[in-house]
Amino acid sequence: MSDLSSDLQHVFSAQGPLAETIPGYRSRVQQQEMALAIAEAIKGNRQLVAEAGTGTGKTFAYLVPALLSGGKVIISTGTKTLQDQLYNRDLPAVRDALKVPVTVAMLKGRSNYVCHFHLQRAMSEGKFFSREDATYVHKIQAFAENSATGDKSELTAVPESATIWPAVTSTRDNCMGQECAHYKECFVMEARKRALAADVVVVNHHLFFADVMLRDEGVAELLPSANTVIFDEAHQLPAVAGAFFGEGYSTTQLMELARDAHTEYITSIKDCTALPEATAALEKAVRDFRLIFAYEGARLPVQKALALRNFESAYVLMQEKLAALDAILETQAAREPAVENCWQRAQALKVMLQRWLSAEDPNLVRW
Ligand SMILES: Nc1ncnc2c1ncn2[C@@H]1O[C@H](COP(=O)(O)OP(=O)(O)OP(=O)(O)O)[C@@H](O)[C@H]1O
Ligand code: SF4
Ligand SMILES: [Mg+2]
């Protein structure tokens, strides 16, 4: 018997460390076989697809070899709930049982972390919140001051679906990056730093693929140093990947730009009185444009879209309103980094809208 095999046999045996620490633990042949196959694949730098019935104990079957292998491991779960569960429950349980000194970290997409910059902006814009949002924003502020992670799943007093979240988290487009006054205490940057330093990093499939597309979620910088990547619930991968590839851009980005520019008007460039009119006009043009489609989130290539009634005039109107907003932002950009950020997004979106219409970019678009 190889060392690897006897080590694993010991770990999974009825007298082993798992049996000692996991209540109700029983030695299971299938679980051990799976663990050995995974350990050998890791050692040999090979790919392995493993399938076993529900309740087999697949989690321990991959955690044990992952923790014993020594190199950097990325584990991707199907959902954020499973990610929390793995990080808070199964991973510490196996680590404590094996008594291995590995460091672990969790990484989610940036929209899961409170953003100090946009929270502050939202606070000064306070009168625009619903009453519910007004209570939430104070809870979020207290949370941001005390939390070690800024992960919104830890703040159970504010539901995930609350409308306040988009206003107090960042997007790739509106993050100020190194120019941000809060960069040093930024939760997103902190989570990425911890992930870079850790031996085992827990991510989710959605984040993994978003990162392949956008290069923004911090997974891409982890991959070069990772020895092993493990996808739990891998049968979900085709659906998750399909949602990302082949997608161009979406009208949501225009709505977000209008919203962020309006926030800047209220918080930092109040004397630019032309701005609220321009953002409202863009929002209206986008809403009217979306009405052309029979259902939300429609995705279609340019030739098909052009055949739709009123498509071209509504599209051109949207371009015009975007151009008008862009022109105003240009005059204000130098005053404030966040305004400059809006202006750059407006320019990029202008180019994208133009490219798409002239069919230079054949990608599908989501309205
Ligand atoms: N050898 C074992 N003896 C007793 N309990 C175990 C053993 N291995 C795992 N468990 C427990 O069994 C439960 C199911 O394990 P796990 O979630 O890993 O199953 P799974 O194979 O991933 O199933 P699914 O396909 O539903 O995801 C967990 O509560 C886990 O703690
Ligand atoms: S760096 Fe980006 S995410 Fe972090 S606080 Fe600043 S704007 Fe928010
Ligand atoms: Mg499972």
Side-chain angles (χ1 to χ4, degrees), residues 8-9 11-35 38 50-64 66 75-79 81-83 85-86 88-94 96-97 108-123 140-141 144 147 149-152 165-193 202 204-205 216-218 230-236 260 263-264 267 336-338 340-342 345:
L8 287 174
Q9 212 164 58
V11 170
F12 283 98
S13 73
Q15 295 78 37
L18 289 177
E20 254 170 53
T21 48
I22 312 283
Y25 183 85
R26 294 226 148 65
S27 178
R28 294 176 181 167
V29 176
Q30 273 188 320
Q31 191 176 37
Q32 287 190 35
E33 280 175 354
M34 183 170 162
I38 293 173
E51 190 177 12
T54 180
T56 304
K58 295 187 283 288
T59 316
F60 293 170
Y62 69 72
L63 280 181
V64 170
I75 303 174
S76 183
T77 62
T79 62
T81 313
L82 287 170
Q83 195 183 354
Q85 221 174 71
L86 187 68
N88 293 315
R89 202 190 62 191
D90 298 324
L91 196 45
V94 174
D96 294 348
K108 294 180 179 174
R110 65 158 66 243
S111 65
N112 291 280
Y113 301 95
V114 176
C115 161
H116 295 295
F117 178 86
H118 287 97
L119 173 62
Q120 210 171 68
R121 281 271 192 286
M123 295 291 290
I140 294 169
Q141 194 193 25
S147 169
T149 63
D151 181 341
K152 70 180 187 186
W165 284 120
V168 298
T169 51
S170 65
T171 64
R172 177 178 68 136
D173 287 344
N174 73 15
C175 172
M176 307 304 300
Q178 293 186 10
E179 279 178 49
C180 177
H182 305 272
Y183 192 73
K184 281 210 184 83
E185 73 251 18
C186 171
F187 289 126
V188 176
M189 304 305 156
E190 282 298 314
R192 290 180 185 181
K193 261 192 253 161
V202 183
N204 62 66
H205 303 344
D216 174 54
E217 302 290 356
I230 298 172
F231 291 101
D232 195 349
E233 307 276 339
H235 57 277
Q236 296 173 355
D260 290 337
T263 302
E264 285 318 305
T267 55
E336 177 73 39
E340 156 115 30
N341 166 287
C342 287
R345 284 154 63 190

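When a ligand or atom number is given, it counts from 1 through the structure's own listing order. Heavy-atom basis, side chains included; hydrogens, waters and symmetry copies ignored. Only a predicted model underlies this, so the values are computations on that prediction, with no experimental measurement involved.
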Distance flag for [atom], protein heavy atom under 4.0 Å:
atom                    : answer
atom 20 (P) of ligand 1 : yes
atom 2 (C) of ligand 1  : yes
atom 7 (C) of ligand 1  : yes
atom 11 (C) of ligand 1 : no

Checklist line | Contact atoms of ligand 1, heavy-atom distance to E233 under 4.0 Å | finding: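 Near E233, the atoms of ligand 1 are 27 (O).
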
For T56, the ligand 1 atoms with a heavy-atom partner under 4.0 Å come out as 21 (O)

Does G57, backbone or side chain, put an N or O under 3.5 Å from an N or O of ligand 1? yes

For S27 and ligand 1, does the shortest N/O to N/O distance drop below 3.5 Å?
no

Quick note on ligand 2: atoms under 4.0 Å from a heavy atom of R110 include exactly 3 (S)

Kindly compute the distance separating [atom1] ([X]) from [atom2] ([Y]), expressed to the nearest 0.5 Å.
X    : Y    : atom1 : atom2 : answer
F117 : C186 : CZ    : SG    : 11.5 Å
D260 : D173 : CG    : CG    : 8.5 Å
D232 : H205 : CG    : NE2   : 6.5 Å
W165 : I140 : CH2   : CD1   : 4.0 Å

Atom of [X], atom of [Y] and distance for their closest heavy-atom approach:
X    : Y    : answer
S147 : T149 : OG-N, 3.0 Å
K58  : A52  : NZ-O, 2.8 Å
S13  : Q32  : N-NE2, 4.5 Å
A50  : M34  : CB-CE, 4.2 Å

Which residue owns the protein heavy atom closest to [atom], what's the atom, and how far is it?
atom                    : value
atom 14 (C) of ligand 1 : G55 CA, 4.4 Å
atom 26 (O) of ligand 1 : T54 OG1, 2.6 Å
atom 31 (O) of ligand 1 : F60 CZ, 3.7 Å
atom 17 (O) of ligand 1 : T59 OG1, 3.5 Å
atom 5 (N) of ligand 1  : R28 NH2, 3.5 Å
atom 29 (O) of ligand 1 : R89 NH2, 4.7 Å

* **atom 4 (Fe) of ligand 2: protein N, O or S atoms that are less than 2.8 Å away, sorted by chain** =>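 Per the 2.8 Å query on atom 4 (Fe) of ligand 2, atoms found are C186 SG.
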
Can E264 and R345 be counted as an ion pair, charged N to O under 4.0 angstrom?
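Looking at R345 together with E264, the answer is no, because their closest N to O distance does not fall below 4.0 Å.
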
Worksheet item: At under 4.0 Å between heavy atoms, which part of K58 makes contact with ligand 1: side chain, backbone, both or neither?
Response: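 For K58, the contact with ligand 1 is made by both the backbone and the side chain.
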
